[in-house]
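Below is one structure, written out as structure tokens; comments come after it.
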Amino acid sequence: MHRSVRIMPIVMVATLSAGLLTAVAPTAHAAAGAALPFTSVEAESVTTTGSKIGPDHTQGTLASEASGRQAVRISSGQRVEFTVPSAANAVNVAYSVPDGQSGTLDVYVNSTRISKTLAVTSKYSYIDTGWIPGAKTHHFYDNARLLLGQNLQAGDKVAFQATGVQVTVDVADFEQVAAAGSKPAGAVSVTDKGADPSGQGDSTQAFRDAIASAQGGVVWIPPGDYRLTSSLSGVQNVTLRGAGSWHSVVHTSRFIDQSGSSGGVHIKDFAVLGEVTERVDSNPDNFVNGTLGPNSSVSGMWLQHLKVGLWLLGNNDNLVVENNRFLDMTADGLNLNGNARGVRVRNNFLRNQGDDALAMWSLYAPDTNSNFENNTITQPNLANGIAIYGGTDITVRNNLISDTNALGSGIAISNQKFLDPFHPLAGTITVAGNTLVRTGAMNPNWNHPMGALRVDSYDSAVNATVTITDTTIIDSPYSAFEFVSGGGQGYPVRNVTVDGATVRNTGTVVVQAEAQGAATFRNVTATSVGAAGVYNCPYPANSGTFALTDGGGNSGWSSTWSDCSTWPQPGQGNPDPDPNRNLAKGRPATATGSQDVYTPGKAVDGDANSYWESTNNAFPQSWTVDLGASYTVRRLVLKLPPSAAWGARTQTITVLGSTDGSAWSTVVGATGYRFDPATGNTATVALPGGTNLRHLRLSVSANTGWPAGQFSEVEAYPTS
């Protein structure tokens, strides 16, 4: 959403094979996602002299915003080398550099350095949206593209080497770019009207003159770079066509800004690159702001560094948006903001959006009979992959969505209105054939998990018929299907059918039911469920029950989470009486500060080689874990990585406890604990007489080995 406040009260389907995004067919429906002109290769799957980061789902970390939640960090002189998957003469690299820094990557083809370098910068990264509750600095990645100047074949090697700046490389897209297209007969060229293809002069008036001259015909944008200093308006009954999105490039942050058009506008085959470095919702920093009018189309475009790709108001009936790339927006990729009838958005690729990647928002008038189909969406870094906020007879079909971050699900079907007059969901909402990979997130406002696919009666009851069919949900960090009344008013979610779903390796539960209402489930199969099949605890308490009807053919998720006083955590399982259980493992952890990827959750992930490190040179620093319920804790085991590279050190630690998370008492006063790799880098803390607590806090005031608090594991046991 363009103005979003998300406060929750509480041809291809993705698989990684040697790091390539390849096609699989987990269900019988049509393949999900777009047929793309490039093949993506993940950096963590290739040869490197750098270091891998991730996986991590913690908000505000480089790994959590990366594709696959993993990437590779290279410092000056280090490199990452990709094997080209198919014929290619161009590459696009998703990367991140530290805030305030810029530099270049040297490029090597089959071990020979080429003359071109790839510029990298933090200019378009590190976006702050403090007015959105729960937002943190985010949008760490950017994309940079390069024509290699030679034709490569499958098996060739392309390496990138950092020079003078640390670079985190996420993924590389290899592509065979076609030669530049030629001018259509009878077209009006912008250069004939005085446009400067060198990018030095202002070509705004030349574009306006060409559009005025070509009414009913074609405006031709030859290969080159063109600079516009203000937006175009009065665009109607005309085709704007370039020689290809790698060849014809328009530099502007505001391409078309108009409130009305008679329509018949067709925009195709060029790039619009903006200079948007922050999100200002009052600014029309969009490729299209307003309307193109009925029976228009947008195709073959490369849109990057804008606030929103298409923010569409007014009459856009029968608009087709297809075969485009949306990269690095500070807000939405595309938003149908009411009055959209018969719109088709299909076969687009969207990466690194700063809000909902694709959204329909039925403000002022309902969006009706409009579809999002066969789109590939990855890494929306603040909100949802696809969001439907109200509307009538909407379809979301055969999309591939991966790696959503904070405040979002893969797909959200919602009655969250944001503003009035809003038109709630009505008619039939069809959600069919979608594949969701690593989608869903922990909402930081309420420490509340959001499911991969969410139906939300946020501001009013869901009374539309919602049919969810042939869904594949893989590696959701939390739940697969969530039904919730997100505004906290307990509105019901009704008339939902889930028919045909494959759920694999979901972190907590298959169904997260938190609203009154009902849904029928048929042919939903689940494997590797983290905690239990169903969490059914309506919010607010006593607001009504959610009825789950077994329509037959379901398997692998029959159990129910038994304790509505606590959220299940990924892989936790139902509470058990095992006296030897580590009560802290997998529980939510926070800290007063952390360093880069060394986030609080690393101290409870069960891996002694990963670790939390506090903000440096800022003692005291504290680390806190919520055990989920009050327990009598008698013993803590504190660990640092067992590697001999971690020299012996003493940390001065105070242990505090709380039953409610607000009133704290000292359990063990400040004591120096020795960590020595010769004895496993482990320290044991006995709690006097057994201490009843739910929240455990460790305050570190000194460390002889490093100017920060450090734990690779904090284990809490009810046994002495």
Among [options], which residue satisfies the side-chain hydrogen bond (donor to acceptor under 3.5 Å, both in side chains) criterion with [X]?
X: Arg279; options: Asp355, Thr330, Thr129; value: Asp355
X: Arg438; options: Thr378, Thr404, Asp403; value: Asp403
X: Tyr124; options: Glu278, Gln304, Glu275; value: Glu275

Heavy atoms only: give me the nearest [X]-[Y] pair and the separation to one decimal.
X: Pro223; Y: Ala180; answer: CG-CB, 3.8 Å
X: Met450; Y: Ser409; answer: CB-OG, 4.0 Å
X: Gly333; Y: Gln353; answer: CA-OE1, 3.3 Å
X: Ala154; Y: Ser86; answer: CB-CA, 3.9 Å
X: Gly390; Y: Ser362; answer: C-OG, 3.5 Å
X: Arg79; Y: Ala159; answer: NH1-CB, 3.9 Å

If you measure from [atom1] on [X] to [atom2] on [Y], what distance do you get to the nearest 0.5 Å?
X: Ile221; Y: Lys268; atom1: CD1; atom2: NZ; result: 12.5 Å
X: Ser297; Y: Leu292; atom1: OG; atom2: CG; result: 8.5 Å
X: Thr376; Y: Asn347; atom1: OG1; atom2: CG; result: 7.5 Å
X: Leu453; Y: Ile473; atom1: CG; atom2: CD1; result: 5.5 Å
X: Ile388; Y: Asp367; atom1: CD1; atom2: CG; result: 8.0 Å
X: Ile127; Y: Met329; atom1: CD1; atom2: CE; result: 12.5 Å

Look only at the side chain of [X] and the backbone of [Y], and say whether a donor-acceptor pair between them is shorter than 3.5 Å.
X: Asn375; Y: Val345; result: yes
X: Thr506; Y: Tyr478; result: yes
X: Gln379; Y: Glu65; result: yes
X: Asp332; Y: Ala357; result: no
X: Ser296; Y: Val265; result: yes
X: Trp361; Y: Lys417; result: yes
X: Ser476; Y: Thr439; result: yes
X: Lys116; Y: Leu147; result: yes
X: Asp356; Y: Asn384; result: yes
X: Ser122; Y: Gln101; result: yes

Do other residues, nucleotides or ligands put more than 12 heavy atoms under 6.0 Å from the OH atom of Tyr598?
-> no
Criterion side-chain contact (heavy atoms from CB on, under 4.5 Å) on Val46 and Glu81, from CA distance to verdict | CA-CA 6 Å; Val46 304; Glu81 184 176 72; 5.8 Å; no
Would you call Arg325 and Asp173 a salt bridge, using N to O less than 4.0 angstrom?
-> no
Salt-bridge present (Asp596, Arg73; N to O < 4.0 Å) = yes
Any side-chain heavy atom of [X] sitting closer than 4.5 Å to one from [Y]?
X: His251; Y: Asp225; result: yes
X: Pro98; Y: Gln166; result: yes
X: Tyr141; Y: Arg351; result: no
X: Phe326; Y: Leu358; result: no
X: Asn143; Y: Trp302; result: no
X: Arg346; Y: Val320; result: yes
X: Ile132; Y: Leu407; result: yes
X: Met442; Y: Gln59; result: no

Take Val109 and Asp156 through the side-chain contact (heavy atoms from CB on, under 4.5 Å) test and state the conclusion after the steps.
-> CA-CA 7 Å; Val109 175; Asp156 284 340; 5.5 Å; no
Can [X] and [Y] be counted as having a side-chain donor-acceptor contact under 3.5 angstrom?
X: Ser96; Y: Thr168; result: no
X: Ser67; Y: Glu42; result: yes
X: Asp269; Y: His247; result: no
X: Asp56; Y: Ser64; result: no

Just do the side-chain contact (heavy atoms from CB on, under 4.5 Å) check on Leu306 and Phe255 with the steps written out, would you?
-> CA-CA 10 Å; Leu306 302 156; Phe255 187 64; over 6 Å; no
What do the steps show when you test Asn443 against Asn445 for side-chain hydrogen bond (donor to acceptor under 3.5 Å, both in side chains), and what is the final call?
-> CA-CA 6 Å; Asn443 187 309; Asn445 295 304; 3.1 Å; yes
Quick one: sort the Phe140 and Tyr126 rings into parallel, tilted or perpendicular, breaks at 30° and 60°.
-> tilted
Worked check of side-chain hydrogen bond (donor to acceptor under 3.5 Å, both in side chains) between Asn405 and Asn381 | CA-CA 5 Å; Asn405 215 281; Asn381 53 60; over 6 Å; no
Begin with the C-alpha distance, continue with both residues' side-chain angles, and end with the deciding distance and a verdict on side-chain contact (heavy atoms from CB on, under 4.5 Å) for His305 and Asp142.
-> CA-CA 9 Å; His305 295 149; Asp142 193 29; 2.6 Å; yes
Phe160 ring center within less than 6.0 Å of Tyr95 ring center = no
Steps toward side-chain hydrogen bond (donor to acceptor under 3.5 Å, both in side chains) verdict (Asn316, Thr291) | CA-CA 6 Å; Asn316 291 282; Thr291 181; 3.2 Å; yes
Sole residue of Thr252, Val250, Asn324, Val298 in side chain to side chain contact (heavy atoms under 4.5 Å, CB included) with Phe287 | Val298
